[in-house]
A.B. asks: 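I'd like to ask some things about the structure below.
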Amino acid sequence: MNYPEFKQPLNYGQVGTDILAWWKQNGIFEKSVSTREGQPTFVFYEGPPSANGAPGIHHVMARTVKDIFCRYQTLLGKQVHRKGGWDTHGLPIELQVEKELGITKEDIGKKISIEDYNQRCRETVMRFKAQWDDLTEKMGYWVDLDDPYITFEPEYIESCWALLKKLYDKGLLYKGYTIQPYSPAAGTGLSSHELNQPGTYRDVKDTTVVAQFKVKRDEKSEPLFGNVQLDEVPLAALYGDNASEPDVYILAWTTTPWTLPANTGLAVGKNIPYLLVSTFNPYTYAPIRVVLAEALVGKYFSVKGKEASFEDFKPGDKVLPWRIENTFKGADLVGIRYERLFGQNKGYPAFEGEENAFRVINGDFVTTEDGTGIVHISPTFGADDFRAAQLAGVPALLVADDEGKLGPIVDRTGRYVAQMGEFGGRWVKNYDGHDESGADYKTLDESIAIRMKGDGTAFKVEKYEHTYPHCWRTDKPVLYYPLDSWFIKTTAVKDRLIELNKTINWQPASTGTGRFGNWLENLVDWNLSRSRYWGTPLPIWRTQDGTEEICIGSIEQLNAEIDKAVAAEVMTLNPFVKNVIQGLVVNDFGWVSFKDKQGNVYEGSFLSKPELFNGNTVNFKDRKLGGDIYSIDVSSIDFSTLKRHIRNSDGEEKVESIPLTFGGADLHRPYVDDIFLVSPSGQPMYRETDLIDVWFDSGAMPYAQWHYPIENEGQFQKNFPADFIAEGVDQTRGWFFTLHALAVMLEDSVAYKNVMANGLVLDKNGNKMSKRLGNAVDPFATIQQFGPDATRWYMIANAQPWDNLKFDVAGITEVQRRFFGTLFNTYSFYALYANLDGFQAREFDRTPHAELSELDRWILSKLQSLILEVRGHYDSYDPTKAARAIQDFVTDQLSNWHVRLSRRRFWKGELTADKRAAYETLQECLVVVSQLMAPIAPFFAEWLYQNMTNGMRAEAIERNTPLAAESVHLTLLVEADEARIDKSLEERMELAQRISSLTHSLRKKSVLKVRQPLQRILVPVFNDSTRAQVALVEDLICAEVNVKHVEFLDDASGVLVKSVKPNFKRLGQQYGAKLKAVGARIQQMSAEEISTLEKTGQLAVEIDGEAYTLAPDDVEIRTQDLPGWLVATDGPLTVALDVTLTDELRQEGVARELVNRLQNLRKDSGLEVQDKIRVTLQQQPELEAAVQSFGGYIREEVQALSLDFAPEISGGAVLEFDEFSVPVLLNVATA
RNA sequence: GGGCUUGUAGCUCAGGUGGUUAGAGCGCUACACUGAUAAUGUAGAGGUCCCUGGUUCGAGUCCAGGCAGGCCCA
């Protein structure tokens, strides 16, 4: 048997398993890379997943996308290395460990050592690696799992350090601050995780103040002083004697009055409407004008006040009179300057940048839900404040402490610094546990409010209940407070980031311009600092006073610095030494040798018992039998001489040096924290305790995966930048950004040329999948059940990867049935008949293209078009369209038309030239389809390819043809042979399909089954080309719909009834508003008018008294009816069916019925396709007539050597059809 | 709250630059076909194209505002 045959239904899961085993056995993935050696490369970066959880179905989606384009590029002949990777650091892992250990961050270093804690993290992070690897294999994602980069390995961290140093040397790394939740009582910052603990947000009653900020009169603020008088009351009349213009104040509300002395700006919403209102201060009763949001006027001013007289207002009156003077948009107010609330004149300190402070700025967070619609900005005590101020160039109010170090007006214990005038030293909240019940107790907020009332700068003071976060440990209120942080100055390269982003091909484009582009436009500096334990440590050491610092870029440099520090006696011992020695004890390998600094030679091994280290000394046993045990001071060891001696099983000895850096060196905390360096001036330097953002780790992978820039420059250069990356859209500001930012800063280049951001995988109802809701889909079970191909195909074909996918297994079933089932059937069909005929396709001596039938040339033309189309879609990173095009070709064109119409060719008779051509055509289609689908459905494609080509392999290898490749994934994708594309042929086949469909529809209406032959169909045609086109496919149509002829009707026949439809597109352009009338007139055209238009090429009509000349292009003429005929239409195409039945047609119909029943009988009797039979029917006149005319046909169809009648038949079957009931005897012909 | 994104038949999705009668597959119903048969053909039912307003002779398509879902950020 040349072509393997399979039972229906095919077990797709098994196909996956079998192919996977074969790939492994034959190293196909490795070959897919190695056979492309020397070819152009296609660089792909694997975004490292974290293996601390089980993989989900969405990972199958993301990895399918990655896999598709890597496989496709391989098919194009490129070499595609795919180095895997693991993301191993970060908060999720720490939290998981803490949960498992039942501890909190506070316990680290107390209940558990940092060392042990990090060890737990290291063990936890790879816990699910086996599952991940398993899924990777089973789903057919080809990536190198044997040599992945792992972000916690010392080489990887060292690369990160080297990159940080490069940034540091470029001046892009600096220490600043961010506003973070801070607990003065605990003296520590709080993570958002800690802030989300239950019970941290509580209702508290605070003193709140609506403060008045006095506007400085200048060019910018002049409109506020202009006397617009919306309420049409002259100013003088308003204030009576106080006719001089009252001051203008901007109102801003705060629930934390203690931040008011730190105010440096006011934020407005640029689209929010604001009012200028004339009124009086409720405490000093001075006439004032105030600015606030229109929407909030009702909150501060009563209806009564709007009517109240200004002249009659006197101190003590409850109702404040008020009038609206003018309206503004927030944008109009931006830039206005105002006076400092607590200024130097009142004893408050000056600060740097003061000239840029006290301005109105834009704030996108401003709302009119509460307050005044204007937000008081104190950049040191609010994250929004800080950001808005930074964007607008407004400085923070910082004062110098005793050492000259700048800081906020509140110290880290929660008190005002001494410089704060009358309030200096006051607690901003009750952090000192002061008794609040005392009559004279006043909070700082209250004191400030009282002061402001007196100064006339408070417009409203009241107690207000709101929720406020509290420290979960101390129960004291949290402050938003500036904490030290290290930053990468991404804003310095902002323009370049934007510029280079425009050269990246984003899929979908909107993510690049929108989500990512906007993010770049509003870029702030990258906050690198994390106060955590399990991550890449920041390699910066500083002196206590911060005046001297060093950024370490390599372990070599670090060792050199350590040596200096040891020499300067800042440290007694290089902490890595212990690490190395520990490693040598743990790894049982043989023995070591070294010299001490005096040159004495030692040979032997370190002893771990009773304890490895006693201070800095270690026990060492001489290798001589019964040798002495020394106690050695490790600081005396000359580590450059340290070697280990390994004896293998053959007794061969291997000697290797042990670098101090690796082989046990751990660059994590706490080890790096134990390193103290010495500054040039001789001061000790301590490491900044921060870790760096894990996103830096992943963004550094283009460099760190090769241990670049420490080594492997060539590797790096060859693989930078990436041609393609793909991850979820949630990575836009994560990995996509960090890759881009680092590439621009370090290499002035993009990091990737093409990027796909895929969407989420939701459950079938559109809800997010989660373990908690129990709607998560198990990827292993899915692949097991449906096979990897149907799963992948469904995900790709159903929705474009960047749209969210509603995952429904019913969809996989459908794909499996409709696409894979059809393709499998088509293959089985081919295999069945090819095997019967002993046919084996060859690459040589094939039927010349010109000699192929219309049908064959058509499907091959379609195939070439498909190759073009699919390549185009893959090239433009649109796998969905590629999948859909392949699917439509296989189901609609190949199976449902070409194979269906070719069935007789396959099963009839000997291996003729036409049959051979049919095999060759189908064979070519199937092989090409296997290639085209290979990126998406790699297993099934392999299955199909091998089944189709294994019989050709030997010759292919011998003659070195494309099919020499043992795997479809090692082939080169066929190029479309455009010479074989025949658009005209494709067009007429479509006509044949549509005419057939219409004819079927007519048969159905007339209840004339297809088995009943009919004489003819009539097709009206208006032009010769259509006529010629249809004539060429007449045979196909006749065979498909079982009629004898296709006849054409043209105008000359005189029986066509035409109708006309306005061509609105053309008419609209020509007549515009008149179109309606013209269109109506066209629809009323008479037969004569249509005829005139056709013959003369124009038609004069009158519409609403105006003359128009219609051209043929203005209308679409079609035939809709043939009087006396049953017709069906599809757009411009019309078909009429001649339903006249002659005796001969009837007889042929009977003959066909007979054939059909006999075939069924054959099949029911279990006969094989090739068995011959003898048939005897019971006599019946009508049957005999039919057999007389069509006996030869019947015998041939049912492969009967004889077809006879007998007067009486018993014991056989009875054929029933139409009004017949025929006893029959069927025997297998033995000879 | 901001940015981005999605909304078309029961379900999943198509619908360049606006053109009047909005399509496909699945599912459903009926009929047919039967040497691919757990396949296939034909027909039918099924739509306020999320809503409101605007531009236009004409809007699923363009504009504005809203609603709902999603993601990211605050």
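Numbers restart at 1 for each chain; the letters A, B, ... are given by sequence-line order, proteins then strands. Just so we're clear, the structure is a prediction, and the values are computed from it rather than from any experiment.
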A.B. asks: Have a look at A:V1198 and say if it touches a base, only the backbone sugar-phosphate, or nothing, with a 4.0 Å heavy-atom cut-off.
C.D. replies: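 Contact class for A:V1198: none.
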
A.B. asks: Taking the side chain of A:D803 as heavy atoms from C-beta outward, which of B:A14, B:C71, B:A36 is closest to it?
C.D. replies: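 Minimum distance to the A:D803 side chain belongs to B:A14.
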
A.B. asks: Take atom P in B:C28 and the same atom in B:C11, then report the distance between them in whole Å.
C.D. replies: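 The answer is 15 Å between these two P atoms.
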
A.B. asks: Quick one: A:L901 CG to B:A36 P, roughly how many Å, whole number?
C.D. replies: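 Atom CG in A:L901 sits about 13 Å away from atom P in B:A36.
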
A.B. asks: Without decimals, in angstroms, what is the distance between A:L805 CG and B:C11 P?
C.D. replies: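 Atom-to-atom, A:L805 to B:C11, this comes out as 16 Å.
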
A.B. asks: Using atom P in both nucleotides, what's the gap between B:G58 and B:G19 to the nearest angstrom?
C.D. replies: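 Between the two P atoms, the distance is 14 Å.
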
A.B. asks: Report the nucleotide, chosen from B:A36, B:C13, B:U12, that has the shortest atom-to-atom distance to any side-chain atom of A:N798.
C.D. replies: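 For the A:N798 side chain, the nearest candidate turns out to be B:U12.
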
A.B. asks: So which nucleotide from B:C13, B:C71, B:A74 ends up closest to the side chain of A:R387?
C.D. replies: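 The nucleotide sitting nearest to the side chain is B:A74.
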
A.B. asks: Who does B:G41 pair with, Watson-Crick or G-U, both distances under 3.5 Å?
C.D. replies: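 Per the H-bond distance test, B:C31.
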
A.B. asks: With rounding to the closest Å, how many angstrom separate the C1' atoms on B:U37 and B:G41?
C.D. replies: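 It works out to 13 Å between them.
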
A.B. asks: Rounded to whole angstroms, how far apart are CD on A:E521 and C1' on B:C4?
C.D. replies: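 So the two atoms are 14 Å apart, to the nearest Å.
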
A.B. asks: What nucleotide, of B:C13, B:G2, B:A36, holds the atom closest to the side chain of A:Y833?
C.D. replies: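 Nucleotide nearest to A:Y833's side chain: B:A36.
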
A.B. asks: On RNA chain B, compare the nucleotides closest to A:D730 and A:R1157; which residue's is nearer the 5' end?
C.D. replies: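 Closest to the 5' end, via its nearest nucleotide, is A:R1157.
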
A.B. asks: Are A:E521 and A:K494 within salt-bridge range, i.e. N to O under 4.0 Å?
C.D. replies: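 A salt bridge is absent here (no side-chain N lies under 4.0 Å from a carboxylate O).
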
A.B. asks: Would A:F839 and A:Y3 count as a close aromatic pair, with their ring centres under 6.0 Å?
C.D. replies: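 They do not qualify: ring centres at least 6.0 Å apart.
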
A.B. asks: Side chain of A:L760 only, please: which of B:U5, B:G70, B:A14 is the nearest?
C.D. replies: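 The answer is B:G70, which lies nearest to the side chain.
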
A.B. asks: Quickly work out the A:W897 CH2 to B:U40 P distance and round it to whole Å.
C.D. replies: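 Roughly 16 Å, once rounded to whole Å.
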
A.B. asks: Taking the basic N atoms (NZ, or NE/NH1/NH2) and the acidic carboxylate oxygens, is any pair closer than 4.0 Å for A:R900 and A:D892?
C.D. replies: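 So A:R900 does not pair with A:D892 through a salt bridge.
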
A.B. asks: Choose from B:A36, B:C71, B:C13 the nucleotide whose nearest atom is closest to any side-chain atom of A:R900.
C.D. replies: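 In terms of side-chain proximity for A:R900, the closest of B:A36, B:C71, B:C13 is B:A36.
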
A.B. asks: Reckon A:S828 touches a base, only the sugar-phosphate, or nothing at all at heavy-atom distances under 4.0 Å?
C.D. replies: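 Nothing: the residue A:S828, judged by heavy atoms under 4.0 Å, touches no strand.
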
A.B. asks: Considering every strand and a 4.0 Å limit on heavy-atom distances, what is the contact class for A:A799: base, sugar-phosphate, or nothing?
C.D. replies: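 Sugar-phosphate contact only.
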
A.B. asks: Under a plain distance cut-off of 3.5 Å, with no hydrogens placed, do A:E727 and A:N758 share a side-chain donor-acceptor pair?
C.D. replies: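 No, A:E727 and A:N758 have no side-chain donor paired with an acceptor closer than 3.5 Å.
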
A.B. asks: With a 4.5 Å heavy-atom cut-off, do A:W253 and A:V375 have their side chains touching?
C.D. replies: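 When only atoms from C-beta onward are counted, A:V375 and A:W253 do not touch, as no gap falls below 4.5 Å.
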
A.B. asks: Please determine, for the side chain of A:V729, which listed nucleotide (B:A39, B:C71, B:C4) has the closest atom?
C.D. replies: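 Within the option list, the nearest is B:C71.
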
A.B. asks: Would you indicate which nucleotide in B:A36, B:G41, B:C13 comes nearest to any side-chain atom of A:N896?
C.D. replies: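 Nucleotide nearest to A:N896's side chain: B:G41.
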
A.B. asks: Under 4.0 Å between any heavy atoms, over every strand shown, what does A:S510 touch: base, sugar-phosphate, or nothing? Just pick one.
C.D. replies: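 It contacts sugar-phosphate atoms only.
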
A.B. asks: Would you please indicate yes or no on a ring centroid separation below 6.0 angstrom for A:F736 and A:F516?
C.D. replies: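 No - the distance between ring centres of A:F516 and A:F736 does not fall below the 6.0 Å cut-off.
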
A.B. asks: Assuming nearest nucleotide by heavy-atom distance, tell me which of A:N804 and A:L894 is located more 5' along RNA chain B.
C.D. replies: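 The residue whose closest nucleotide sits nearer the 5' end is A:L894.
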
A.B. asks: List the steps, then state whether side-chain contact (heavy atoms from CB on, under 4.5 Å) holds for A:T891 with A:L823.
C.D. replies: CA-CA 7 Å; A:T891 58; A:L823 187 52; over 6 Å; no

A.B. asks: Which one, B:C13, B:C72, B:A39, comes nearest to the side chain of A:R515?
C.D. replies: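 Of the candidates, B:C72 comes closest.
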
A.B. asks: Consider the side chain of A:R903, meaning its heavy atoms from C-beta on, and name the nucleotide among B:C4, B:U37, B:U12 that approaches it most closely.
C.D. replies: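 Of all the options, the side chain of A:R903 is nearest to B:U37.
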
A.B. asks: Counting any heavy atom closer than 4.0 Å, what does A:D384 reach on the DNA or RNA strands: base, sugar-phosphate only, or nothing?
C.D. replies: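 It contacts sugar-phosphate atoms only.
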
A.B. asks: Is it the case that the side chain of A:S828 and the backbone of A:F824 share a donor-acceptor pair, with hydrogens and angles ignored and the cut-off at 3.5 Å?
C.D. replies: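 Yes.
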
A.B. asks: Quote, to the nearest angstrom, the P distance that separates B:C13 from B:A68.
C.D. replies: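 Between the two P atoms, the distance is 22 Å.
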
A.B. asks: Mark yes or no for a side-chain to base donor-acceptor pair under 3.5 Å between A:T822 and B:A39, with no hydrogen or angle criteria applied.
C.D. replies: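 It does not, because no donor-acceptor pair links the side chain of A:T822 to the base of B:A39 below 3.5 Å.
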
A.B. asks: Rounded to whole Å, please give me the gap between NE2 in A:H1000 and P in B:U42.
C.D. replies: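 It works out to 7 Å between those atoms.
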
A.B. asks: Identify the nucleotide, in any strand shown, that forms a Watson-Crick or G-U wobble pair with B:C57, with both distances under 3.5 Å; if there is none, say none.
C.D. replies: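 Its partner is B:G19 (Watson-Crick or G-U wobble, both distances under 3.5 Å).
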
A.B. asks: In whole Å, what is the span from the CG atom of A:L836 to the P atom of B:A36?
C.D. replies: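 Roughly 12 Å, once rounded to whole Å.
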
A.B. asks: Tell me whether the rings of A:F819 and A:W793 are parallel (<30°), tilted (30 to 60°) or perpendicular (>60°).
C.D. replies: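 Rings of A:F819 and A:W793: parallel, as their planes differ by under 30°.
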
A.B. asks: If B:U52 has a Watson-Crick or G-U wobble mate with both distances under 3.5 Å, name it; if not, just say none.
C.D. replies: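 Its partner is B:A64.
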
A.B. asks: Between A:F807 (CZ) and B:G70 (C1'), how many Å, whole number?
C.D. replies: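 Roughly 19 Å, once rounded to whole Å.
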
A.B. asks: Produce a footprint string for nucleotides 22-32 of chain B: one letter per nucleotide, 5' end first; B if the base is under 4.0 Å from any protein heavy atom, S if only the sugar-phosphate is, - if neither.
C.D. replies: ---SSS---SS

A.B. asks: Watson-Crick or G-U wobble partner for B:A9, using a 3.5 Å limit on both distances?
C.D. replies: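 Per the H-bond distance test, none.
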
A.B. asks: If B:C4 has a Watson-Crick or G-U wobble mate with both distances under 3.5 Å, name it; if not, just say none.
C.D. replies: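 In the structure as shown, B:C4 has B:G70 as its Watson-Crick or wobble partner.
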
A.B. asks: Do A:K915 and A:R905 come close enough that some side-chain heavy atom pair is under 4.5 Å?
C.D. replies: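 No, every pair of side-chain atoms sits at 4.5 Å or beyond.
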
A.B. asks: When the distance from CG of A:N1156 to P of B:U37 is rounded to whole Å, what number comes out?
C.D. replies: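 After rounding, the reported distance stands at 16 Å.
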
A.B. asks: Considering only the C1' atoms, how many Å lie between B:U56 and B:U61, rounded to the nearest integer?
C.D. replies: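 Result for the C1' pair: 13 Å, nearest Å.
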
A.B. asks: When you compare B:G23 with B:G70, how far apart are their C1' atoms, in angstrom units rounded to a whole number?
C.D. replies: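 It comes out at 27 Å once rounded to the nearest Å.
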
A.B. asks: If I pick the C1' atom on B:A59 and the same atom on B:U8, what distance separates them, to the nearest angstrom?
C.D. replies: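 Straight-line distance between the two C1' atoms is 14 Å.
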
A.B. asks: Testing A:H59, A:H58, A:K806 one by one against A:V761 for a side-chain contact (heavy atoms from CB on, under 4.5 Å), which residue passes?
C.D. replies: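 Of the listed options, the one satisfying the test is A:H58.
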
A.B. asks: Does a side-chain N or O from A:S997 land closer than 4.0 Å to OP1 or OP2 of B:U42, or not?
C.D. replies: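 For A:S997, the contact criterion (side-chain N or O under 4.0 Å from OP1 or OP2 of B:U42) is met.
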
A.B. asks: Considering only the P atoms, how many Å lie between B:U17 and B:A32, rounded to the nearest integer?
C.D. replies: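 Approximately 45 Å lies between the P atom of B:U17 and that of B:A32.
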
